[in-house]
Amino acid sequence: MPHWIVPLAAHGAHSFAVELARYLAAAGGMTAILWAGARWTAARRIQKRAPAKGDRAREFGHSMLSVGIFALWSIVTLAMNQAGIIHMGFALPAWWQAALEFVAIVVVHDAYFYWMHRGLHTRAMFRRAHLTHHKSRTPTPWAAYSFAPIEGVLEGMFLPLFLLFVPMHAVVVLAFLLHQIGRNVLGHSGHELMPPGFTRFPLTAWLTTATHHDLHHSGGGHNFGLYFTWWDRWMGTEHPRYHAHFEAAAVPWFGMGKTKRLQA
Ligand SMILES: [Zn+2]
Ligand SMILES: [Zn+2]
């Protein structure tokens with residue numbers, strides 16, 4: 001047996017465990033929050049339809065495959081860093097530098113995701129690469145990584161690709177990964193936790209909501225964006241009734257919550 005097999009296997013197992021922990025903590029955490037806060041969250045369900053039987057198990061199964069693919073990408077990324085092909089420093093940056101790097105990677109990832117996602121919805125790609133994710137018509141937090149292998153590869157390659165062009169501090173990469181999974185499970189939570197007016201208020205209208213991505217799952221051809229509403233607005237792909245659907249699901253944070261009926 002070649003001498004590198006055992007360390008590589010250990011490295012792979014470690015990367016898998018890290019990716020798995022991130023997924024389980026985020027999707028499990030969101031599930032627990034929705035369950036524990038049901039009195040507050042039940043009125044905020046986006047769809048009347050409940051997830052189909054077996055949806056969660058299917059989403060979890062496909063997500064395990066994606067966790068494996070992401071673990072491979074993280075091994076590739078660390079190997080590229082060791083080889084000096086990319087530059088990810090482990091020292092702590094100044095706060096303004098960290099903020100700048102974080103904004104840059106999130107904004108670029110949002111653009112990458114929008115256009116990759118548009119590509120996945122083409123006739124040539126949809127069945128083989130994206131149908132798996134769209135089997136969740138009523139998504140649950142477990143759908144966060146429910147991808148076909150091709151989509152998993154495309155989703156995971158963003159980070160090493162970005163690092164090829166932009167050197168980053170590891171702590172910012174970690175923040176980016178945590179923000180990514182957090183926003184991802186929120187978008188698949190099936191509940192609109194933001195208050196009414198959020199999609200129209202200038203300070204928040206540029207952020208996507210759970211309703212935004214939920215409409216992509218229930219409706220199909222709109223709302224391809226990830227973190228921000230910009231690309232869908234610029235490209236004319238925002239759902240025409242996005243605001244109406246949002247208002248139907250949203251409930252004010254204080255008062256009124258218990259009396260609102262389920263709509264939309
Ligand atoms: Zn899609
Ligand atoms: Zn989705």
Asks: Tell me, please, which residues at least two apart from His212 pass side chain to side chain donor-acceptor pair (under 3.5 Å).
Replies: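 His212 satisfies side chain to side chain donor-acceptor pair (under 3.5 Å) with no residue once adjacent residues are dropped.
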
Asks: List the atom of Gln47, the atom of Pro139, and the distance in Å for their closest heavy-atom pair.
Replies: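 Closest approach of Gln47 to Pro139: NE2-CD, 4.0 Å.
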
Asks: Taking the ring centre of each residue, are His109 and Phe176 less than 6.0 Å apart?
Replies: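 Centroid distance His109-Phe176: below 6.0 Å, so yes.
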
Asks: Please go through Leu131's hydrophobic cluster and name the other residues, only I, L, V, M, F, W, Y counting, with side-chain heavy atoms under 4.5 Å joining them.
Replies: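 Once heavy-atom contacts under 4.5 Å are chained together, Leu131 belongs with Phe126.
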
Asks: For Ala129 versus Leu120, what's the shortest heavy-atom pair and its separation?
Replies: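 Closest pair (atom of Ala129, atom of Leu120, distance): CB-CD2, 3.7 Å.
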
Asks: Using a 3.5 Å cut-off and no angle test, enumerate the donor-acceptor pairs between side-chain atoms of residues 148-165 and protein atoms at least two apart in sequence or in another chain.
Replies:
unit_1 : atom_1 : unit_2 : atom_2 : d
Glu151 : OE1    : His130 : ND1    : 2.7

Asks: Under the ring-ring contact (aromatic ring centres under 6.0 Å, His included) test, which residues partner His222, sequence neighbours left out?
Replies: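 Partners of His222 by the ring-ring contact (aromatic ring centres under 6.0 Å, His included) criterion, ordered by chain and then number, come out as His239.
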
Asks: Under 3.5 Å, which donor-acceptor pairs do the side chains of residues 80-94 form with other protein atoms, sequence neighbours left out?
Replies:
unit_1 : atom_1 : unit_2 : atom_2 : d
Asn81  : OD1    : Met88  : N      : 2.7
Asn81  : ND2    : Met88  : O      : 3.1

Asks: My understanding is that only residues two or more places apart in sequence, or in another chain, count here; which of them pass salt bridge (Lys or Arg N to Asp or Glu O under 4.0 Å) with Arg58?
Replies: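 Partners of Arg58 under the salt bridge (Lys or Arg N to Asp or Glu O under 4.0 Å) test: Asp55.
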
Asks: Could you please spell out the steps behind the side chain to side chain donor-acceptor pair (under 3.5 Å) verdict for Glu59 and Thr140?
Replies: CA-CA 8 Å; Glu59 291 167 352; Thr140 80; 2.5 Å; yes

Asks: Working to the nearest 0.5 Å, report the span between OG1 of Thr211 and OH of Tyr242.
Replies: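 One gets 6.5 Å once the value is rounded to the nearest 0.5 Å.
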
Asks: In chain order, what residues pass the salt bridge (Lys or Arg N to Asp or Glu O under 4.0 Å) check against Arg137, with sequence neighbours excluded?
Replies: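 Not a single residue meets the salt bridge (Lys or Arg N to Asp or Glu O under 4.0 Å) criterion with Arg137.
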
Asks: Does Thr237 have any side-chain contact (heavy atoms from CB on, under 4.5 Å) partners at least two apart in sequence or in another chain, and if so, which?
Replies: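 Once residues adjacent in sequence are excluded, the partners of Thr237 under the side-chain contact (heavy atoms from CB on, under 4.5 Å) criterion are Tyr114, Arg118, Phe224, Asp232, Met235.
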
Asks: Test of understanding: with salt bridge (Lys or Arg N to Asp or Glu O under 4.0 Å), list the residues that count as partners of Glu101, not counting sequence neighbours.
Replies: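 Partners of Glu101 under the salt bridge (Lys or Arg N to Asp or Glu O under 4.0 Å) test: none.
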
Asks: Please find the pair of heavy atoms, one from Ala250 and one from Pro196, that lie closest to each other, and give the distance.
Replies: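 Nearest heavy atoms, Ala250 then Pro196: CB-N, 3.7 Å.
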
Asks: When rounded to the nearest 0.5 angstrom, what is the spacing between OG in Ser218 and NZ in Lys48?
Replies: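 Result: 13.5 Å between the selected atoms.
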
Asks: To the nearest 0.5 Å, tell me how far Leu20 CG sits from Ser66 OG.
Replies: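 These two atoms lie 12.0 Å from each other.
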
Asks: Give, for atom NE2 of His188 and atom CG of Asp214, the distance between the pair rounded to the nearest 0.5 Å.
Replies: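 Answer rounded to 0.5 Å: 9.0 Å.
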
Asks: Can any side-chain N or O of Ser189 pair as donor or acceptor with the backbone N or O of His191 at less than 3.5 Å?
Replies: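 Yes; at least one donor-acceptor contact below 3.5 Å.
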
Asks: Please table the atom pairs, donor to acceptor, closer than 3.5 Å between any side-chain atom in residues 23-31 and protein atoms at least two apart or in another chain.
Replies:
unit_1 : atom_1 : unit_2 : atom_2 : d
Tyr23  : OH     : Ser63  : OG     : 3.2
Tyr23  : OH     : Trp142 : O      : 2.9
Thr31  : OG1    : Ala27  : O      : 2.7
Thr31  : OG1    : Trp142 : NE1    : 3.2

Asks: Would you please name every residue forming a side chain to side chain donor-acceptor pair (under 3.5 Å) with Arg56, sequence neighbours left out?
Replies: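 For Arg56, no residue satisfies side chain to side chain donor-acceptor pair (under 3.5 Å) once neighbours in sequence are set aside.
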
Asks: Establish, for the pair Arg233 and Trp231, whether the NZ or CZ atom is under 6.0 angstrom from the six-membered ring centre and no further than 45 degrees off its axis.
Replies: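 Negative - Arg233 is either too far from the ring of Trp231 or too far off its axis.
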
Asks: Mind checking whether His216 and His121 have ring centres under 6.0 Å apart?
Replies: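 Yes, they do, as the ring centres are separated by less than 6.0 Å.
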
Asks: With ILVMFWY side chains joined below 4.5 Å, transitively, what does Leu174's cluster contain besides itself?
Replies: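 Same cluster as Leu174: Leu178.
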
Asks: Which pair of heavy atoms, one from His62 and one from Ser146, lies closest together, and at what distance?
Replies: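 Taking His62 first and Ser146 second, the nearest heavy atoms are CB-OG, 3.7 Å.
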
Asks: Kindly compute the distance separating OG1 (Thr209) from NE2 (His243), expressed to the nearest 0.5 Å.
Replies: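 Thr209 OG1 to His243 NE2: 9.5 Å, rounded to 0.5 Å.
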
Asks: When rounded to the nearest 0.5 angstrom, what distance separates CD1 in Ile181 from CG in Leu177?
Replies: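 It is 9.5 Å, given to the nearest 0.5 Å.
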
